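This report refers to the structure that appears directly beneath it.
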Amino acid sequence: MSREVSADVGGRGGGEELGPGHAYMPFVVMEDLLDKLKLLQYEEEFVSELRMRPLNRHYFVLQTNPGEQFFLFTSLAAWLIRKTGKEFDPPQEHDDPNSTISKILENVRKLGVAIDFAPSKLKQGYGEQAIFVLDRLSDEALRASSFGWKIPIPPMEEGQEEEEIDDDMEVNLEKVEEEMAGDYSEEEEEDILHIDDVSNYPMEKIVGDSQGRDRPEQIMESNTDIEEWRLEVERVAPQLKVTVRVDGRDWRSHLEQMHEYRKGIQESLVTTKTNLDRLQADITKTLEKISSREKYLNSQLEAPLGEYKQLSQQLAQTKEQYKSVSGGVTERSRLLSQLTDDLDAVKSEMEERGTSMTDGSPLVNIRKSLARVKSEIIAMDVRIGVVEHTLLQARMKDKTNLQRDLHMAVAQQNIFNV
């Protein structure tokens, strides 16, 4: 596919009148794109890397799975950009589609390609715009890989040689008959004896050549036995038959088959046409009966249908009224349940207060608590007394130790003074 065709597919004017075949142009461009991808060995590099099946020839033309198509479109575009020698990270599923598309279009614009369509067209993952972008990137990838066409070498077609051999081996029955007739005529003319020649031939030469044989004066009759002749004919006849192999490629056989098929079609057409005419008449009659019956049923059911419509409208109105009334009942039921719960709570609180006012158990509990507090106070006073006594003993012991140390210091001072 040429660059002009792909450009026409990628960006076409809205007011331009296009031919009826332009709607199928994306299919042609997609097939051309697939051939370019094969030249770039995408099956060995791209397909094996993603562990996917190769693309079909109409993958980016028709909508099958938009999410999968968009992911493959961005991945294939990134791979083609890397094939052109530029760095481009493979897109991930969590990437922002808008940023990915903007990066791809930026690389396409760097190639000198004008983008005259909205980037949102590429979010679909299929369509003319997606094919246009991939086709331009594949052209640039082929140019970067220094791809060039080689001189085609036509292969030897074995079928032509066999056909020539078969044509040489083909036996033409008319030619064989003519050659056989010519050979037999040449051989038989030398050996056949004509009566006129014998009558006009000089007697001396006949006598001399035949060495005394008599001139035939009557019709010659064969002495061969008929049965022996028939047996000889049966033995030699198979060897004299010429077997002509019918070639399916001969136009004569095809022509004969065409004539036979045409004759068979014409014979079948007569009966088939009669049956089809009869079937058409039956179908027409049946359709007329159905139409008349339908009109009759419509006329008979017109009044019940009108009544049914009125009843349907009344039923719809009744349902609406029921919905509105049921909505009020539901709200009132909810309010009633709330008030019931509040009443139950107030009743339980009143019962608790009444039982606490008539019951003497709280007073008993207070007395028990006071007795326990008094016992705890007495125990605490005992503990305080023990602690004060211990503290007093410690102070007295410290005072005794202090006086002893003082006396010892005075004694030592007196000794030093002496």
Side-chain angles (χ1 to χ4, degrees), residues 5 8-31 34 53 55-70 73 117-118 120-132 248 251 253-331:
V5 174
D8 183 58
V9 172
R12 56 184 181 183
E16 183 181 359
E17 295 182 358
L18 302 175
H22 191 83
Y24 302 96
M25 189 57 65
F27 294 89
V28 180
V29 180
M30 180 61 201
E31 293 181 359
L34 195 60
R53 293 181 297 177
L55 304 176
N56 57 50
R57 57 180 183 173
H58 300 152
Y59 184 79
F60 289 113
V61 180
L62 304 175
Q63 179 182 5
T64 56
N65 187 352
E68 179 184 352
Q69 286 179 314
F70 178 75
F73 164 72
F117 55 85
S120 59
K121 296 283 187 180
L122 299 178
K123 284 187 179 181
Q124 304 173 355
Y126 70 95
E128 298 179 1
Q129 292 77 15
I131 299 173
F132 170 74
W251 63 271
S253 61
H254 293 298
L255 183 60
E256 293 176 358
Q257 290 179 359
M258 290 170 62
H259 287 305
E260 292 177 359
Y261 292 154
R262 181 180 180 183
K263 184 177 180 182
I265 291 171
Q266 290 177 352
E267 293 176 355
S268 302
L269 182 61
V270 177
T271 56
T272 306
K273 187 176 181 181
T274 305
N275 295 330
L276 291 175
D277 293 338
R278 189 183 302 110
L279 182 62
Q280 182 184 4
D282 295 340
I283 293 173
T284 305
K285 292 179 180 178
T286 305
L287 290 176
E288 291 177 355
K289 290 180 180 179
I290 293 172
S291 178
S292 62
R293 189 65 177 173
E294 184 179 359
K295 292 179 181 178
Y296 173 76
L297 291 175
N298 290 331
S299 62
Q300 293 294 325
L301 295 175
E302 186 175 0
L305 286 174
E307 185 178 358
Y308 173 75
K309 289 181 180 179
Q310 293 179 359
L311 294 175
S312 299
Q313 293 177 358
Q314 293 178 2
L315 179 61
Q317 294 176 0
T318 306
K319 286 183 177 180
E320 291 294 333
Q321 293 177 0
Y322 173 75
K323 286 182 180 179
S324 61
V325 172
S326 62
V329 171
T330 304
E331 183 66 22

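The model shown is predicted, which means the values in this text are computed figures rather than measured ones. We count residues from 1, following the sequence as given.
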For residues 261-276, tabulate all N or O donor-acceptor pairs below 3.5 Å that involve a side-chain atom, not counting sequence neighbours.
residue: S268; atom: OG; partner: G264; partner atom: O; Å: 2.9
residue: T271; atom: OG1; partner: S268; partner atom: O; Å: 3.0
residue: T272; atom: OG1; partner: S268; partner atom: O; Å: 2.6
residue: T274; atom: OG1; partner: V270; partner atom: O; Å: 2.8
residue: N275; atom: OD1; partner: R278; partner atom: NH1; Å: 3.0
residue: N275; atom: ND2; partner: T271; partner atom: O; Å: 3.2

Over 12 foreign heavy atoms within 6.0 Å of CZ, F27: yes
Atom pair [atom1]/[atom2] of [X] and [Y] - distance to nearest 0.5 Å:
{"X": "I283", "Y": "Q280", "atom1": "CD1", "atom2": "CD", "result": "7.5 Å"}
{"X": "M30", "Y": "H58", "atom1": "CE", "atom2": "NE2", "result": "8.5 Å"}
{"X": "T284", "Y": "K289", "atom1": "OG1", "atom2": "NZ", "result": "12.0 Å"}
{"X": "M25", "Y": "E128", "atom1": "CE", "atom2": "CD", "result": "10.0 Å"}
{"X": "I290", "Y": "L297", "atom1": "CD1", "atom2": "CG", "result": "11.5 Å"}
{"X": "I131", "Y": "F73", "atom1": "CD1", "atom2": "CZ", "result": "10.0 Å"}

Donor-acceptor pair, side chain of T318 and main chain of Q314, under 3.5 angstrom: yes
Side-chain (Q69) to main-chain (L62) donor-acceptor, under 3.5 angstrom: yes
Partner residues of Q63 under the side chain to side chain donor-acceptor pair (under 3.5 Å) criterion, sequence neighbours left out: Y126
Side chain to side chain contact (heavy atoms under 4.5 Å, CB included) evaluation trace for F117 with L122: CA-CA 9 Å; F117 55 85; L122 299 178; 4.1 Å; yes
Flag side-chain contact, heavy atom, 4.5 Å: Y59 against L34: no
Evaluation steps, side chain to side chain contact (heavy atoms under 4.5 Å, CB included), between S292 and Y296: CA-CA 6 Å; S292 62; Y296 173 76; over 6 Å; no
